[in-house]
Amino acid sequence: MQRTAKTVLISGASIAGPALALWLHRYGFVPTVVERAPELRTGGYKVDIRGTAIEVCRRMGVLDEIRANSTDMRGGSYVDDAGRTIGELPADIFGGRVEEDDEIMRGELARILYDRTREDVEYVFGDSIAALAEDADGVTVTFESGTVRRFDLVVGADGLHSHTRRLAFGPEERFKRHLGAYISIFTAPNHLGLDRWETYHALPGKLVCVYSSAGETDAKNLFVFSSPEELTHDHRDVDAQKRALIDTFTGDGWEIPRLLGHAAEADDFYLDSMSLVKMDRWSNGRVVLLGDAAHCSSPASGQGTGLALIGAYVLAGELARAGGDHTVAFARYERHMRPGVEQNQKMAEGFVKEMVVASKWKIALRMFMVRTLPKTPWKNLIAKKIRDGIQAAANAVPIEDYDTGAAASTARPTVAA
Ligand SMILES: Cc1cc2nc3c(=O)[nH]c(=O)nc-3n(C[C@H](O)[C@H](O)[C@H](O)COP(=O)(O)OP(=O)(O)OC[C@H]3O[C@@H](n4cnc5c(N)ncnc54)[C@H](O)[C@@H]3O)c2cc1C
């Protein structure tokens with residue numbers, strides 16, 4: 001007979017991992033979260049929580065805190081080489097805080113989820129899974145530190161470059177689809193004096209955005225550039241990433257030279273490929289993937305965080321409903337999530353092409369639209385059309401109520417060595 005799953009190792013303490021830990025603890029499982037970084041990673045861009053993800057946050061009890069930490073953006077503008085405003089776009093096009101769209105800094109959200117779970121959940125920072133050995137009763141996990149422990153289940157919530165995926169499913173190249181662009185984010189002083197405002201500068205094949213959100217004294221700097229081929233550096237080599245960014249933008253105008261100087265110094269520098277993760281299945285025996293590890297939709301979708309939150313809710317709910325029987329729960333989790341995930345991935349493919357415009361004349365056309373759109377009588381119609389499309393994708397994964405009566409027992413995980 002199937003043994004009830006009780007102990008769950010989660011790899012990754014960003015969004016998906018802590019969200020899953022919260023739900024699993026609530027249902028009586030015993031989650032342990034292992035994070036490779038020595039402490040919680042707080043960098044990153046602002047992320048959107050929309051549609052059903054908002055309801056998930058409400059049920060997690062974190063929605064008020066998320067709203068209290070809203071970016072509260074007012075809008076944004078495009079500027080030319082000399083910094084002159086070409087046109088402005090209001091927050092309802094950019095996705096500021098309205099009822100069906102909450103926006104928060106990724107690092108803030110990670111902190112909220114971590115703070116909500118740290119008392120009840122064991123977090124192990126500065127370590128990583130080195131090997132997984134599954135048998136009929138569970139999984140023996142060897143960590144890079146040398147520790148060996150037993151768990152009933154293992155969840156890979158370790159992002160686009162998931163190490164758990166590599167161990168349980170195979171090399172990254174089999175699942176990652178590069179969308180032809182890179183994104184970089186880092187913090188720098190707010191030289192432009194921005195107040196909850198984003199300033200965009202478009203170049204052929206490149207886009208730069210500087211913004212400052214509510215409560216931030218510094219500015220965030222976002223660089224996007226097209227790169228049909230993948231860069232060859234190791235995705236964890238931050239110095240190589242900085243060099244790649246600086247090489248790509250050296251010689252460009254506006255504030256870019258100054259920003260590149262800050263990039264070189266930034267201690268929260270982030271650069272990664274805009275990629276999808278496409279897999280035929282998200283579980284293999286007792287190992288299951290969650291969030292970007294399973295189905296990254298790239299930053300272009302604006303839905304990666306929402307899908308990670310919804311996925312955590314569904315995975316934990318199905319495990320509770322199935323009394324810990326992972327064979328039933330993993331199949332139901334995947335069946336429930338997959339159609340909505342595919343809809344969002346499809347949307348992301350289109351959005352990446354919109355983010356970086358290849359030629360000068362296409363940029364000129366875009367700037368013409370930016371200049372004229374706010375003055376046209378049909379501007380609300382266009383904004384509504386954009387928002388309706390995004391909203392449909394945000395509601396693509398419906399959520400159910402789970403029977404929390406099916407909780408597992410609260411046994412502690414065993415340490416085998
Ligand atoms: C520092 C950072 C900045 C980001 N910035 C942005 C951004 O600006 N815009 C955007 O759209 N998305 C960004 N993302 C991605 C975004 O957080 C995700 O798309 C989304 O929230 C889904 O989250 P996730 O928890 O599935 O994966 P991720 O947020 O990618 O988190 C994965 C976590 O796993 C950890 N990890 C990786 N390898 C291992 C390992 N071997 N062992 C243990 N832990 C491991 C990572 O350190 C990270 O904490 C960022 C992610 C990070 C980590």
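Computed from a predicted structure; not experimentally measured.
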Does this structure show an ion pair linking [X] with [Y], if we count only N-O contacts that are shorter than 4.0 Å?
X: R106; Y: D48; value: no
X: R166; Y: E172; value: yes
X: E55; Y: R59; value: yes
X: E400; Y: R321; value: yes
X: R67; Y: E103; value: no
X: R196; Y: D72; value: yes
X: R116; Y: E65; value: yes
X: R111; Y: D115; value: yes
X: R149; Y: E122; value: yes
X: D268; Y: K220; value: yes

Would you kindly say whether [X] and [Y] are connected by a side-chain donor-acceptor distance under 3.5 Å?
X: H201; Y: D252; result: no
X: S297; Y: N344; result: no
X: T164; Y: D158; result: yes
X: D127; Y: S145; result: yes
X: W197; Y: S212; result: no
X: R50; Y: Q303; result: yes
X: R150; Y: T140; result: yes
X: T52; Y: Y313; result: no

> What residues, two or more places apart in sequence or in another chain, satisfy side chain to side chain contact (heavy atoms under 4.5 Å, CB included) together with D234?
Replying inline: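 Side chain to side chain contact (heavy atoms under 4.5 Å, CB included) list for D234, sorted by chain: R236, D237.
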
Hey, what do you get for [atom1] ([X]) to [atom2] ([Y]), rounding to the nearest 0.5 Å?
X: I66; Y: L113; atom1: CD1; atom2: CG; result: 6.5 Å
X: I399; Y: H336; atom1: CD1; atom2: NE2; result: 8.0 Å
X: K278; Y: C296; atom1: NZ; atom2: SG; result: 11.5 Å
X: L24; Y: I10; atom1: CG; atom2: CD1; result: 5.5 Å
X: L271; Y: T248; atom1: CG; atom2: OG1; result: 8.5 Å
X: L9; Y: T32; atom1: CG; atom2: OG1; result: 6.5 Å

> Any side-chain heavy-atom pair from V47 and M105 closer than 4.5 angstrom?
Replying inline: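 V47 vs M105: side chains apart.
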
> Would you call R286 and V154 a side-chain contact if the rule is heavy atoms closer than 4.5 Å?
Replying inline: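 Answer no - side chains too far apart.
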
> Any chance CG of D280 has more than 12 other-residue heavy atoms, nucleotides or ligands included, within less than 6.0 Å?
Replying inline: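 Not more than 12 within 6.0 Å, no.
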
> Should we count CG of D388 as having more than 12 external heavy atoms under 6.0 Å?
Replying inline: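 Atom CG in D388 is packed in, count exceeds 12.
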
Is there a donor-acceptor pair closer than 3.5 Å between any side-chain N or O of [X] and the backbone N or O of [Y]?
X: H25; Y: T117; answer: no
X: D152; Y: T7; answer: yes
X: R366; Y: E354; answer: yes
X: T147; Y: F143; answer: no
X: N284; Y: V287; answer: no
X: E216; Y: D218; answer: no
X: N221; Y: I185; answer: no
X: Q345; Y: V277; answer: yes
X: H178; Y: L231; answer: no

>> Cation-pi check for Y211 against K46: NZ or CZ below 6.0 Å from the six-membered ring centre and within 45 degrees of the axis, yes or no?
In response: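 The answer is yes, since K46 meets both limits relative to Y211.
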
> Is the Lys NZ or Arg CZ of K206 less than 6.0 Å from the centre of F249's six-membered ring, within 45° of the axis?
Replying inline: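 Because its charged atom sits under 6.0 Å from the ring centre and within 45° of the axis, K206 does stack over F249.
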
>> On a heavy-atom basis, which atom in A21 and which in P31 lie closest, and how many Å separate them?
In response: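 That would be O-CG, 3.6 Å.
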
> What's the shortest heavy-atom distance between I129 and L132, and which atoms?
Replying inline: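 Closest heavy-atom pair between I129 and L132: CG2-CD2, 3.7 Å.
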
Can you check whether [X] and [Y] have ring centres sitting under 6.0 Å from each other?
X: Y333; Y: W282; answer: yes
X: Y114; Y: F125; answer: yes
X: Y402; Y: Y27; answer: no
X: F223; Y: Y182; answer: no

> Can you list the residues that meet the salt bridge (charged side-chain N to carboxylate O under 4.0 Å, His left out) rule with E144, with sequence neighbours excluded?
Replying inline: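 Salt bridge (charged side-chain N to carboxylate O under 4.0 Å, His left out) check on E144 returns R36.
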
>> Checking R332 now: which residues fulfil salt bridge (charged side-chain N to carboxylate O under 4.0 Å, His left out) with it, not counting sequence neighbours?
In response: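 Salt bridge (charged side-chain N to carboxylate O under 4.0 Å, His left out) list for R332, sorted by chain: E318.
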
>> Would K346 and E342 count as a salt bridge (charged side-chain N to carboxylate O under 4.0 Å, His left out) here? Give the steps.
In response: CA-CA 6 Å; K346 198 155 176 268; E342 286 171 1; over 6 Å; no

